[in-house]
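Values below: every heavy atom of this structure, side chains too, minus hydrogens, waters and symmetry copies.
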Amino acid sequence: MSKNILVTGGAGFIGAHLCDRLIANGHTVTCLDNLFTGSRKNIAHLETNSRFIFVRHDVQQPYVAEVEWIFNLACPASPKHYQHDPVETVQTNVIGMIRMLELAKRNGARILQASTSEVYGDPLCHPQDETYWGNVNPISRRACYDEGKRCAETLCFDYHREYGVDIKVIRIFNTYGPRMAKDDGRVVSNFILQALHGEPITIYGDGSYTRSFQYIDDLIEGMMRMMSIQDFTGPVNIGNPGEFTIRELAELVLELTGSSSEIINLPAVEHEPKRRKADISLCRERLNWEPKIELRIGLEKTIDYFRTVV
Ligand code: NAD
Ligand code: UDP
């Protein structure tokens, strides 16, 4: 059935894909974004649709609307952008979360929080499942994001217990695909752009750190399933359990682009998670979901996209 849906951060990478899916499913969508890292270009094709509205607004400010579902995605996701103004990142996560939970409470709306595998920090447990409480350094440069997201989860569960707000918490693992911002410094977009420009591929450290890389379409399907089912708050991991070293990713990007860029090693970044791999047992069991798009295929689609924008 058609719903009134609010998507905060809807002009960003994930948000724009989510808006596409919601509009395609017949819903009415308000996309709320302050355009800090998002862009009107990501949603330009939706702006002529009468069921789509864009509102330029900071999620930290009060917002009143009649909505049935809220997807709270507003927050810069790349380390470069969330560390640009760390106090702002904490405020967006914490004050923004309170604003949206208040809106959900007032409307009796369901709210999904886009949390992150970063809540596990530099994990001492591998792969990471939802029972793991994490290993986060509260004073590192990543903490504005990690602790902000952890506090947002806390707020969701407190609003759920205290006021009965219908919450959904998903922990998203590294996601990539078309419409990633060219300048956001994340590893997939960096490597593809470097390869296409014939520039050196910059590996920070020795390239032995690992990540699970999930293609955007798989994530959107997981988000839709989570939002649609009853009586399950999460938190639930949504990610691709394939685990790749950063060096393997660099080599795959070189192979798929046919680039002759050299790989160079730059100094390692401090306080980074060394290993990350999603345990998706809970997601398989409760959402009957698992990713369908393997890294090679997802990278080909993403490279095709970046070829059109470079
Ligand atoms: P993104 O930076 O492309 O999108 C974030 C959007 O939020 C942007 O459009 C930005 O302008 C907007 N925004 C930021 N601060 C805001 C504010 N104060 N008020 C209103 N809008 C604001 O990032 P993304 O990759 O699309 O990530 C979306 C969400 O998913 C984020 O909450 C992020 O933490 C979460 N997430 C993403 C990943 C990933 O790999 N992409 C992984 C884990 C979690
Ligand atoms: N990384 C890299 N070169 C780059 C960008 C990132 O080696 O040009 C590494 C980074 O140090 C980290 C991994 O790739 O170990 C993933 O980084 P990203 O910023 O994409 O995501 P996150 O660290 O938040 O998972």
Donor-acceptor pair, distance only, cut-off 3.5 Å: does the side chain of Thr8 make one with the backbone of Leu73?
yes

Is it the case that the side chain of Arg225 and the backbone of Asn288 share a donor-acceptor pair, with hydrogens and angles ignored and the cut-off at 3.5 Å?
yes

Any side-chain to backbone donor/acceptor pair from Ser140 onto His271? Under 3.5 Å, distance only.
no

Could you walk me through whether Tyr176 and Ile216 pass the side-chain contact (heavy atoms from CB on, under 4.5 Å) test, one step at a time?
CA-CA 6 Å; Tyr176 68 96; Ile216 182 69; over 6 Å; no

Sidechain N-carboxylate O distance under 4.0 Å for Glu153, Arg171
yes

Evaluate the side-chain hydrogen bond (donor to acceptor under 3.5 Å, both in side chains) criterion for residues Asp20 and His45: first the C-alpha distance (whole Å), next the side-chain angles of each, then the deciding distance (0.1 Å), finally the verdict.
CA-CA 9 Å; Asp20 281 353; His45 57 289; 2.7 Å; yes

The criterion is side-chain hydrogen bond (donor to acceptor under 3.5 Å, both in side chains); which residues satisfy it with Ser259, sequence neighbours excluded?
Ser261

Within residues 58-110 or reaching into it, pairs that qualify as ring-ring contact (aromatic ring centres under 6.0 Å, His included) - sequence neighbours excluded:
His27-Trp69, His57-Tyr63, Tyr82-Tyr145

Who pairs with Gln230 by side-chain hydrogen bond (donor to acceptor under 3.5 Å, both in side chains), at least two apart in sequence or on another chain?
Arg110

Does the side chain of Ser212 pick up a donor-acceptor pair with the side chain of Asn240 at under 3.5 Å?
no

Determine yes or no for a side-chain-to-main-chain donor-acceptor pair under 3.5 angstrom, with Ser189 supplying the side chain and Gly185 the backbone.
no

Using a 3.5 Å distance criterion without hydrogens, assess whether the side chain of Glu248 forms a donor-acceptor pair with backbone atoms of Thr245.
yes

Any Asn72 side-chain heavy atom under 4.5 Å of Val59 side chain:
yes

With Glu243, which residues qualify under side chain to side chain contact (heavy atoms under 4.5 Å, CB included), at least two apart?
His126, Thr210, Arg275, Lys277

Closest non-hydrogen atom pair between Pro86 and Cys144, with its separation
O-CB, 3.4 Å

Spell out, yes or no, whether Leu6 and Leu46 are grouped together once hydrophobic residues are joined by side-chain heavy atoms under 4.5 Å, including indirect joins.
no

Results of side chain to side chain contact (heavy atoms under 4.5 Å, CB included) for Ile95 - residues two or more places apart only
Gln60, Gln91, Arg99

Nearest heavy-atom pair of Pro76 and Thr89: which atoms, and what distance?
CG-OG1, 4.2 Å

What residues form a salt bridge (charged side-chain N to carboxylate O under 4.0 Å, His left out) with Glu130, not counting sequence neighbours?
none

Could you check whether any side-chain heavy atom of Asp218 comes within less than 4.5 Å of a side-chain heavy atom of Trp289, counting everything from C-beta outward?
yes

Tell me if the CD atom of Glu66 is crowded by more than 12 foreign heavy atoms within 6.0 Å.
no

For Val253 and Ala195 the tightest heavy-atom approach is CG1-CB, 3.9 Å

Taking atom CZ as the centre, does Arg186 end up with more than 12 heavy-atom neighbours from other residues, nucleotides or ligands that are less than 6.0 angstrom away?
yes

Verify the neighbour count for atom CG of Leu266: are there more than 12 heavy atoms of other residues, nucleotides or ligands below 6.0 Å?
yes

Nearest heavy-atom approach of Cys19 to Gly10 is SG-O, 3.9 Å

Is there a side-chain contact between Met223 and Leu18 (heavy atoms, below 4.5 Å)?
yes

With distance as the sole test, does Asp146 use its side chain to make a donor-acceptor pair with the main-chain N or O of Val136 at under 3.5 Å?
no

Is Asn137 reaching over with its side chain to a backbone N or O of Ile139, donor-acceptor style, under 3.5 angstrom?
yes

Quick check: is Phe36 connected to Phe54 through a chain of hydrophobic side chains (ILVMFWY, heavy atoms under 4.5 Å apart)?
no

List the residues meeting side-chain hydrogen bond (donor to acceptor under 3.5 Å, both in side chains) with Lys274, not counting sequence neighbours, and say none if there are none.
Asp122

Checking side-chain contact (heavy atoms from CB on, under 4.5 Å) for the pair Val188/Leu299: CA distance, chi angles, key distance, verdict?
CA-CA 8 Å; Val188 172; Leu299 282 179; 3.9 Å; yes

For Cys125, give me all partners under side chain to side chain contact (heavy atoms under 4.5 Å, CB included), at least two apart in sequence or on another chain.
Tyr132

Can Leu103 be reached from Val29 by stepping across I, L, V, M, F, W or Y side chains whose heavy atoms are under 4.5 Å apart?
no

Pair Arg40 + Glu47: basic N to acidic O under 4.0 Å:
yes

Using distance only, find each side-chain donor-acceptor pair of residues 302-310 under 3.5 Å and give its atom names and separation, not counting sequence neighbours.
| residue | atom | partner | partner atom | Å |
| --- | --- | --- | --- | --- |
| Thr302 | OG1 | Gly298 | O | 2.7 |
| Thr308 | OG1 | Tyr305 | O | 2.5 |

List the atom pairs, donor and acceptor, that lie under 3.5 Å between side-chain atoms in residues 231-238 and the rest of the protein, sequence neighbours left out.
| residue | atom | partner | partner atom | Å |
| --- | --- | --- | --- | --- |
| Asn237 | OD1 | Tyr120 | OH | 2.8 |
| Asn237 | ND2 | Gln128 | O | 2.9 |
| Asn237 | ND2 | Asp279 | O | 3.0 |

Would a hydrophobic clustering, with Ile, Leu, Val, Met, Phe, Trp and Tyr connected at side-chain separations under 4.5 Å, put Val55 with Phe52?
no

Quick one: does Thr37's side chain get under 4.5 Å of Asp184's, heavy atoms only?
no

Can Glu118 and Arg276 be counted as an ion pair, charged N to O under 4.0 angstrom?
yes

What pairs with Arg284 under side-chain hydrogen bond (donor to acceptor under 3.5 Å, both in side chains), at least two apart in sequence or on another chain?
Glu290

Could you tell me if the side chain of Pro291 sits less than 4.5 Å from the side chain of Pro241, heavy atoms only?
yes

Assess whether side-chain contact (heavy atoms from CB on, under 4.5 Å) is satisfied between Asn49 and Ile23, documenting all intermediate values.
CA-CA 9 Å; Asn49 190 309; Ile23 288 290; 3.4 Å; yes

In terms of hydrophobic clustering (I, L, V, M, F, W, Y; side-chain heavy atoms under 4.5 Å; direct or indirect links), are Leu252 and Phe173 co-clustered?
no

Heavy atoms of Cys31 and Ile43 approach each other most closely as SG-CD1, 4.1 Å

Which distance, rounded to the nearest 0.5 Å, do you find between the OG of Ser78 and the CE of Met180?
8.5 Å

Just so I know, are the side chains of Thr30 and Val67 near enough to count as touching, which here means a heavy-atom distance under 4.5 Å?
no

When you measure from the side chain of Lys80 to the backbone of Asp183, do you find a donor-acceptor pair of N or O atoms at a distance under 3.5 Å?
yes

Does any non-hydrogen side-chain atom of Val187 lie less than 4.5 Å from one of Ile203?
no

Backbone N/O of Pro200 and side chain of Thr202: donor-acceptor pair under 3.5 Å
no

Quick one: do Leu22 and Val7 satisfy side-chain contact (heavy atoms from CB on, under 4.5 Å)? Show the steps, please.
CA-CA 10 Å; Leu22 296 171; Val7 180; 3.7 Å; yes

Taking all non-hydrogen atoms of both residues, which atom of Ala250 and which atom of Ile201 are closest, and how far apart?
CB-CG2, 3.8 Å

When Ile, Leu, Val, Met, Phe, Trp and Tyr are grouped by side-chain heavy atoms lying under 4.5 Å apart, directly or through other members, which residues fall in the same group as Met1?
none

Quick one: does any side-chain atom of Lys105 pair with a main-chain N or O of Met100 as donor and acceptor, under 3.5 Å?
no

